[in-house]
Amino acid sequence: MTEDFLSRRQYGLRIRHLGNETWLPEVIEDVSPGVVWANDSRTLYYVRQHPVTLLPWQVWRHHVGAPTAQDELIYEEADDAFYVSLHKTSVQKICGYRAFQRNDQ
């Protein structure tokens, strides 16, 4: 679940164990609201926001239970005219990311 505590589109990602209804200890800050789970149910992909512009710019991989310091950077969009988002394919087997050009420039 992603939550915006500041009303500035700055989200924190928390994970809930549905079997015993407890929150897992890891919290990932400064993410976009969309998260995609891998088919192994232990890996998730998320998008980090740029610390200054708050634009979605990096795709990261997190393994549930591992320290967030071990998360892996998958992709970074260097051009701030673009932003990235995550999706899962219609057959639910592949996690993908896209870079979109912003229209406000």
Side-chain angles (χ1 to χ4, degrees):
M1 173 175 73
T2 55
E3 297 177 282
D4 179 4
F5 293 106
L6 301 175
S7 296
R8 291 196 63 228
R9 295 184 182 156
Q10 293 176 283
Y11 296 87
L13 170 63
R14 298 181 63 202
I15 302 167
R16 185 162 175 89
H17 187 286
L18 298 178
N20 61 19
E21 298 186 5
T22 60
W23 292 101
L24 299 181
E26 58 246 59
V27 177
I28 304 169
E29 300 293 343
D30 301 319
V31 301
S32 291
V35 174
V36 173
W37 284 94
N39 289 341
D40 66 2
S41 299
R42 303 283 309 152
T43 306
L44 62 87
Y45 295 86
Y46 63 93
V47 174
R48 278 205 185 273
Q49 293 174 302
H50 190 279
V52 175
T53 65
L54 300 181
L55 293 172
W57 73 314
Q58 295 177 327
V59 177
W60 289 79
R61 177 175 34 228
H62 175 74
H63 300 284
V64 175
T68 56
Q70 293 179 2
D71 289 2
E72 302 165 78
L73 177 64
I74 303 299
Y75 174 78
E76 179 175 306
E77 178 55 61
D79 186 343
D80 68 359
F82 291 85
Y83 64 92
V84 296
S85 69
L86 292 171
H87 68 280
K88 200 154 187 179
T89 64
S90 59
V91 293
Q92 300 293 308
K93 292 188 178 187
I94 300 171
C95 171
Y97 57 87
R98 295 180 224 176
F100 292 95
Q101 188 165 15
R102 296 176 30 212
N103 292 325
D104 63 344
Q105 302 218 346

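All of these numbers come straight from a predicted model, not from anything done at the bench. For the single chain, residues carry numbers from 1 onward in sequence order.
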- Message: Please check: side-chain N/O of Thr53 versus main-chain N/O of Leu55, any donor-acceptor pairing under 3.5 Å?
- Response: yes

- Message: So Val31 and Val47, do their side chains get closer than 4.5 Å, heavy atoms only?
- Response: no

- Task: Could I get the full list of side-chain contact (heavy atoms from CB on, under 4.5 Å) partners for Ser41, not counting sequence neighbours?
- Result: none

- Donor-acceptor under 3.5 Å (Glu26 side chain, Thr68 main chain): no

- Message: For His50, give me all partners under ring pair (Phe, Tyr, Trp, His ring centres under 6.0 Å), at least two apart in sequence or on another chain.
- Response: Trp57

- Query: Which heavy atom of Trp60 sits nearest a heavy atom of Ile74, and at what distance?
  - Reply: C-CG1, 4.2 Å

- Identify the residue among Asp71, Leu13, Val36, Leu86 that makes a side chain to side chain contact (heavy atoms under 4.5 Å, CB included) with Leu44. Leu13

- Counterpart residues, side chain to side chain donor-acceptor pair (under 3.5 Å), relative to Asp40 (two or more places apart): Thr43

- Item | Cluster overlap Val27 with Leu18, hydrophobic side-chain contacts below 4.5 Å | no

- Query: Quick one: salt bridge (Lys or Arg N to Asp or Glu O under 4.0 Å) pairs with a partner in residues 46-67, sequence neighbours left out?
  - Reply: Arg61-Glu72

- Task: Would you check if there is a donor-acceptor pair between the side chains of Asp30 and Tyr11 at a distance under 3.5 Å?
- Result: no

- Task: Answer whether the closest heavy-atom distance between the side chains of Ile28 and His62 falls below 4.5 Å.
- Result: yes

- Note on the structure: Across all chains, not counting sequence neighbours, the side-chain contact (heavy atoms from CB on, under 4.5 Å) partners of Gln70 are Ala66, Pro67

- Message: If you define the side chain from C-beta out and look only at heavy atoms, does anything of Val64 sit under 4.5 Å from Trp37?
- Response: yes

- Message: Set out, in order, the CA-CA distance, both residues' side-chain angles and the distance that settles side chain to side chain contact (heavy atoms under 4.5 Å, CB included) for Arg16 and Leu24, then state yes or no.
- Response: CA-CA 6 Å; Arg16 185 162 175 89; Leu24 299 181; over 6 Å; no

- Note on the structure: Distance col, row Glu77:CD vs Tyr83:OH, nearest 0.5 angstrom, shows 12.0 Å

